[in-house]
Amino acid sequence: MSQFKLKSAVMFFVYWFSIYPIIAQQNTFPKKDNYIQLQERAMSENKPMFLVVHQQDEQFVPFVGAVSKKAEDLLNTQFVSGIVQLDRDDFNHPLKRNFNLDKPMYLFTDRDGIPLLRVDKAVDGGLELEKLLDSVNTLAKAETLGKLTAQYRKGMRQQSLLNKMLRYYQTFDQYTDQQVLSDYISQLAIEQLNNFETVIFLLSCGPVYNSKSYLLARTNDRMVDSLYSSLPLQVRKKINNRIIQRTFRESLDKKNYSLAQNIGYFAYQTWTPNYLRGANSQAFYPLEYKRLMKDSVSYIRMARNYYNESYYRIDPDSLSRIDFAQDRQIKISGNRPMLDSAQSAAFKTLVDKGRSYYEDDQARNLNYGAQQILAFEKSNPEVLFDAILWQKKAIDLKPDVAQYRYTMALLLYRVGFYAQAEAEQQKAAALSKSNKSHGKKMQTVFKQIQSRSL
């Protein structure tokens, strides 16, 4: 299959500053709440839920602008509502078991927590929110996923019912129930598995890689491979991502490391012939599995190799050049794009414009890797000095990011370089002055470093 858009190792730490406004003062409505308690309230009060789900810090602001009086009244009287802040590492949270969450989402559900509507872009708290609330009331009267699920649980298995459920999973970008998918495929005739549109629908559902459902969807491998490349790139990315995300979720649910390795290989194949992206994605999923499972020894060993080979030793312009060649289907031979003079000139024109993106991405990844070393390794100087090298490169790329200076200060403190740690933390504090609460935190850490009490 063709290229998919890899979610980089900092998929859990992407800054959404341009989309989701961050300010010092938190909105007071809806209130931050516990998901389980919200669901219990929804069931006892027989009301639908409205949730703002995010994995950001305490300064996250849920809406663009204030919530209007009308919207607040609707939420108070007709819904159980709340802001749910998730721990990035809590992969067993009920919401994470159902959704891939790499950015904030606005989720409307029925009383049982089954989706009615999902919105992934920042919502205005006035007229836009009011319209969404009205539309949810209309949607709830129709044939919802919750009503279909209730029929399924009673034993109904009509193909039309299963098809609607599978389409809803895709609409809500929800992990597909693999039993529902298996029940649907079992009712298809062999001729239908030779129909490309049917096959694409099945793959779009997100079957677990190499599962029975996945293999049945690819009964006619030759036909699938020959026609798959004719699909628009964005469609291929979406299909590949759903397979990858669902398979990785399965690996966590079943504590199956082999599945994480297998989906890494699948991801690698989608990047061919972009060897840099392919190697990166192949290594990422096994690494992330070890991180989430808190396997410190394996994680540290794998992380050192991953961040050294995928980011520290890679020049941003080199990755840009490979991406440029793949996007234009230019031959890559011996790990080098074969650009003619016109293509080289075009690349030189574009590389300067795109350099900031590649430098930002690399610096974020290196900073994230260093943060994980701080979390997993307490005293091994060899490991910590690797992280210091990563962080130095991140700072060289983006010297004015307070978080990068802060991470470096913690690393230097950990290895006993106290004077250098003080200097870095002082820079972090200076760069944080525009954010009162963050600046206060940076000053507190600086004093702790000075007093050697960190």
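Note that the structure is a prediction, hence the values are computed from the model and not measured.
- Among residues two or more places apart in sequence or in another chain, the side chain to side chain contact (heavy atoms under 4.5 Å, CB included) test is passed with A42 by M49, V80.
- For K121 and E128, the salt-bridge test passes: some basic side-chain N is under 4.0 Å from an acidic carboxylate O.
- Shown here are the ring pair (Phe, Tyr, Trp, His ring centres under 6.0 Å) partners of F91, two or more places apart in sequence or in another chain: there are none.
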request  = Determine, step by step, whether F347 and F324 satisfy the ring-ring contact (aromatic ring centres under 6.0 Å, His included) criterion, reporting the C-alpha distance in whole Å, the side-chain angles of both residues, the deciding distance to 0.1 Å, and the verdict.
outcome  = CA-CA 7 Å; F347 173 71; F324 174 87; 5.4 Å; yes

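- Distance CD1/I244 to OG/S281: 7.0 Å, rounded to 0.5 Å.
- Under the side chain to side chain contact (heavy atoms under 4.5 Å, CB included) criterion, N46 pairs with R111, not counting sequence neighbours.
- R414 and E377 make their closest contact through NH1-O, 2.7 Å (heavy atoms, listed as atom of the first residue, atom of the second, distance).
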message = As a quick check of understanding, evaluate side-chain hydrogen bond (donor to acceptor under 3.5 Å, both in side chains) for N367 and T407, giving each step before the final call.
response = CA-CA 7 Å; N367 179 69; T407 302; 2.8 Å; yes

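- Within the structure, side chain to side chain donor-acceptor pair (under 3.5 Å) contacts touching residues 63-72 (residues at least two apart or in different chains) are S68-E130, K69-D73.
- Nearest heavy atoms, Q174 versus N98: CG-O, 3.3 Å.
- Within the 4.5 Å cutoff, no side-chain heavy atoms of L384 are placed close to those of K378.
- By the side chain to side chain contact (heavy atoms under 4.5 Å, CB included) test, R222 pairs with N220, sequence neighbours left out.
- A salt bridge (Lys or Arg N to Asp or Glu O under 4.0 Å) check over residues 298-307, counting only residues at least two apart or in different chains, returns the pairs R304-E382, R304-D386.
- For T198, the side chain to side chain donor-acceptor pair (under 3.5 Å) partners two or more places apart in sequence, or in a different chain, are N195.
- In terms of the side chain to side chain contact (heavy atoms under 4.5 Å, CB included) criterion, residue partners of E40 (sequence neighbours excluded) are, by chain and number, I36.
- With salt bridges taken as basic N to acidic carboxylate O contacts below 4.0 Å, one links R218 and D221.
- In summary, K147 and D110 do not engage in a salt bridge, as defined by a charged side-chain N under 4.0 Å from a carboxylate O.
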Tabulate below the donor-acceptor pairs under 3.5 Å that side-chain atoms of residues 258-266 make, not counting sequence neighbours, or state none.
residue: N262; atom: ND2; partner: S258; partner atom: O; Å: 3.3
residue: Y265; atom: OH; partner: Q269; partner atom: NE2; Å: 3.4

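- With Y175 as the aromatic partner, R97 does not meet the cation-pi criteria of under 6.0 angstrom to the ring centre and within 45 degrees of the ring axis.
- Salt bridge K96/D90: absent, no basic N to carboxylate O contact under 4.0 Å.
- Classified by interplanar angle (parallel below 30°, tilted 30° to 60°, perpendicular above 60°), the ring pair H54/F60 is parallel.
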message = Determine whether D361 and Y311 satisfy the following criterion, side-chain hydrogen bond (donor to acceptor under 3.5 Å, both in side chains), listing intermediate values before the conclusion.
response = CA-CA 9 Å; D361 183 69; Y311 298 101; 5.1 Å; no

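- Salt-bridge check for R118 with D120: passed, with a basic side-chain N closer than 4.0 Å to an acidic carboxylate O.
- Every residue two or more places apart in sequence or in another chain that forms a ring pair (Phe, Tyr, Trp, His ring centres under 6.0 Å) with H93 is listed here: Y35.
- For F172, the ring pair (Phe, Tyr, Trp, His ring centres under 6.0 Å) criterion is met by Y168, not counting sequence neighbours.
- When each of R157, Q159, Q178 is checked for a side chain to side chain donor-acceptor pair (under 3.5 Å) with D183, only R157 meets the rule.
- Residues passing the ring pair (Phe, Tyr, Trp, His ring centres under 6.0 Å) test with Y299, sequence neighbours excluded: F376.
- In this structure, Y106 and F50 have parallel ring planes: the angle between them is below the 30° cut-off, well short of the 60° mark.
- Within the 6.0 Å centre-distance limit, the rings of F248 and Y285 are counted as a close aromatic pair.
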